[in-house]
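Note that this is a predicted model, so its numbers are computed, not measured. Residues take their numbers from the sequence shown, with the count starting at 1.
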Amino acid sequence: MLSTIKPKVTLVGAGPGDPDLLTLKAVKALAEANVVLYDALANEEILSHASKEAITIFVGKKMGNHAYTQDQINQLIVDNALTYGNVVRLKGGDPFVFGRGSEEIEFVESFGIPTFVVPGISSVVAVPASQGISITKRGVSESFWAITGTTSDRKLSSDVALAAQSSATVVILMGMHKLSQIISLFQKEDKGNLPVAIIQNGTTAEEKVGVGTVDSILNVVKEQGLSSPAIIVLGEVVRESNKLKGFYEEFLLKEIAG
């Protein structure tokens with residue numbers, strides 16, 4: 001009976017892509033869900049943790065292809081909670097890192113529906129780590145910036161210009177369409193030799209990696225056909241990665257020879 005429905009919404013972080021990087025708490029939340037609303041960055045293998053009876057609804061947003069607007073997603077979460085009870089909103093990475101999770105929680109709570117959050121492993125840290133890049137390292141980088149490449153008004157975040165002036169590691173999400181602008185900001189700060197890694201579909205079987213410097217990375221992207229979704233990492237820590245060290249040693253030898 002409808003009168004016994006107890007609405008509840010759990011915002012769950014799906015992690016960076018590898019389904020094994022899901023938390024135990026996320027697995028439990030999915031198993032108990034009546035409805036799962038999932039986005040484009042949540043690996044669909046993760047849905048196998050939901051009950052066979054659970055309703056699964058794709059509400060993903062990709063560049064130029066929005067299944068639903070954010071307002072429609074907010075309303076869908078509420079409607080499904082009121083109709084079916086236990087709803088899991090599954091979002092890629094961590095829902096509170098550029099995932100608009102707080103907006104969804106605020107909307108749901110305005111209806112008096114109880115909400116819970118299961119944090120996810122953020123791709124900001126996990127994707128560079130998958131390539132041996134430690135985004136902080138003693139004596140190399142004391143801090144890091146995590147920046148969205150594309151703001152809500154589709155412009156490049158003004159924080160990128162500030163980040164380019166610092167010695168911190170800079171990790172940019174959703175920035176591939178603004179890569180040339182990002183590169184020019186670092187070139188303005190005389191950082192043409194700063195190491196850069198671009199990791200597409202990080203932690204998944206489709207992972208592709210391009211490495212270079214601020215001055216060479218646009219050519220690397222073109223040669224290797226790199227595109228979204230990808231994470232851009234700029235900083236000396238890229239050179240420190242055991243996996244990428246060989247490339248930079250070779251690059252420096254060429255520079256010296258040239």
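Within the 3.5 Å criterion, the main-chain N or O of Lys208 finds no donor-acceptor partner in the side chain of Asn201. Side chain of Lys137 to main chain of Glu236: no donor-acceptor pair is present (N/O by atom type, distance under 3.5 Å, no hydrogens or angles). Looking at Asp94, its side chain does come within 3.5 Å of a backbone N or O of Gly120 through a donor-acceptor pair. Side chain of Lys91 to main chain of Gly99: a donor-acceptor pair is present (N/O by atom type, distance under 3.5 Å, no hydrogens or angles). No donor-acceptor pair under 3.5 Å is formed between the side chain of Gln224 and the backbone N or O of Val220. No donor-acceptor pair closer than 3.5 Å links the side chain of Thr83 to the backbone N or O of Asn80.
Counted by atom type alone, Glu206 and Gln200 present zero donor-acceptor pairs between their side chains at under 3.5 Å. Side chains of Asp153 and Thr151: a donor on one and an acceptor on the other come within 3.5 Å. Between the side chains of Glu207 and Ser130, at least one donor-acceptor pair of N or O atoms lies under 3.5 Å. Using a 3.5 Å distance cut-off with no hydrogens or angles, the side chains of Asn74 and Glu103 do not pair a donor with an acceptor. When only modelled atom types and interatomic distance are considered, Ser241 and Gln131 share no side-chain donor-acceptor pair under 3.5 Å. Side chains of Thr169 and Trp145: a donor-acceptor N/O pair is absent below 3.5 angstrom, by distance only. For the residue pair Thr136 / Ser141, no side-chain donor-acceptor distance below 3.5 Å is found, with atom types taken as modelled.
Inter-residue side-chain proximity for Val35 and Ile57 is flagged as met; some heavy-atom pair is nearer than 4.5 Å. Ile147 places none of its side-chain heavy atoms less than 4.5 Å from the side chain of Val171.
By the side-chain contact (heavy atoms from CB on, under 4.5 Å) test, Asp79 is found to be paired with Gln75, residues two or more places apart in sequence or in another chain being considered.
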